[in-house]
J.: 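So that we are looking at the same thing, I have put the structure below in structure tokens.
Each ligand, and each atom within it, is numbered from 1 in the order the structure gives. We're numbering straight along the sequence, starting at 1. Values below: all heavy atoms of this structure, side chains included; hydrogens, waters and symmetry mates excluded.
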Amino acid sequence: MSRRTRNGPPDESPPPAPEPLPVGVLDAHCHLDLVGHRDRAAAPRTDLDVRGGHVVGQIEAAAAVGVAVLVQVGVDLPSSRWSTELAAAHADVHAAVALHPNEAGAGAATDEALRGIEALAALPQVVAVGETGLDHFRTEGPEGHRAQEESFRAHIAIAKRTGRALMIHDRDAHDDVVRVLLDEGPPDRVVFHCFSGGLDLARTCAEHGWVASFAGTLTFKNAGGLREAAAALPEELLLVETDAPFLTPSPYRGRPNAPYLVPHTVRALAEVRGTDVDALCGTLMSTGRRTFDLV
Ligand SMILES: [Zn+2]
């Protein structure tokens, strides 16, 4: 649901800035190149100037409320390349590169794209290979699933060869994601972006030291199972993210998301865990530094 003005179009104005966090944190997953939050198929805008007003405004608005570090995530070869260019231009922005599971194909063109991803993953400003994984929500049929699994396995191998964290997209596919990870042998650092599991997946993550990154979905009314998982995980295995421009935290659902809205999710996480915001922010930042091997 989105807010509507009386008889008017939905309210698409940016939500107001939240109260700044007392200690800096990082947005572990955002897409500054995706514009147009209503259409999940919105194409990355790789024509955006990495030093231009659109992206600089988002980085500065985030820094102003304590979201000091951003991980910008590519979903195909052009947007992954753009992410590395953005990270090269801004000291507090790091890049993740991959072919999104919904982009998984097969054949020579895919092999070529994967070689391109591996070359980008080796760049110093790249901290993760992702988002990669399995999406059983948007991809149907055995052929689509097979292509995704192959692509996921290829990305796991790239993360291991380049020494990067693995950033996982898991949509309605918890069991299969864990199966493939354990079958391939996971890299040292694994993060489940937009963690969407319950207590079972939380337990599996805790057992293997995998990090769960919580998005604005944690603030949604119907997210009881997610909050249970967030309460049960060890504090040092938690991260927060926006997945901007999507998944805007409550009470601004339906309006565009951006990294400056991370504080809503941080405060929701502190409430769920009964911890104070200062201490949680400190742990989130050190987990981010460890997970993405930031100096
Ligand atoms: Zn994403």
J.: Ring centroids only, cut at 6.0 angstrom: are F192 and H169 within range, meaning strictly under it?
T.: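 F192 vs H169: aromatic centres not under 6.0 Å.
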J.: Less than 4.0 Å between a side-chain N and a carboxylate O, is that true for R153 and E149?
T.: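 Yes, this pair counts.
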J.: May I ask you to check whether H29 brings an N, O or S atom to under 2.8 Å from the Zn ion (ligand 1)?
T.: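 An N, O or S atom of H29 is closer than 2.8 Å to the Zn ion (ligand 1), so yes.
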J.: Below 2.8 Å, any N, O or S contact between C194 and the Zn ion (ligand 1)?
T.: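 So C194 does not count as coordinating the Zn ion (ligand 1).
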J.: Any carboxylate oxygen within less than 4.0 angstrom of a Lys/Arg side-chain nitrogen, looking at E118 and R161?
T.: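 Looking at R161 together with E118, the answer is yes, because their closest N to O distance falls below 4.0 Å.
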J.: For H145 and H136, take the angle between the two ring planes, folded into 0 to 90°, and tell me which bin it lands in: parallel under 30, tilted 30 to 60, perpendicular over 60.
T.: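 Parallel, since the angle between the ring planes stays under 30°.
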J.: Which atom, counting only N, O or S, brings E131 closest to the Zn ion (ligand 1)?
T.: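 The atom in question is OE2.
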J.: For the Zn ion (ligand 1), what is the closest N, O or S atom on D243?
T.: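 The Zn ion (ligand 1) is closest to the D243 atom OD1, counting only N, O or S.
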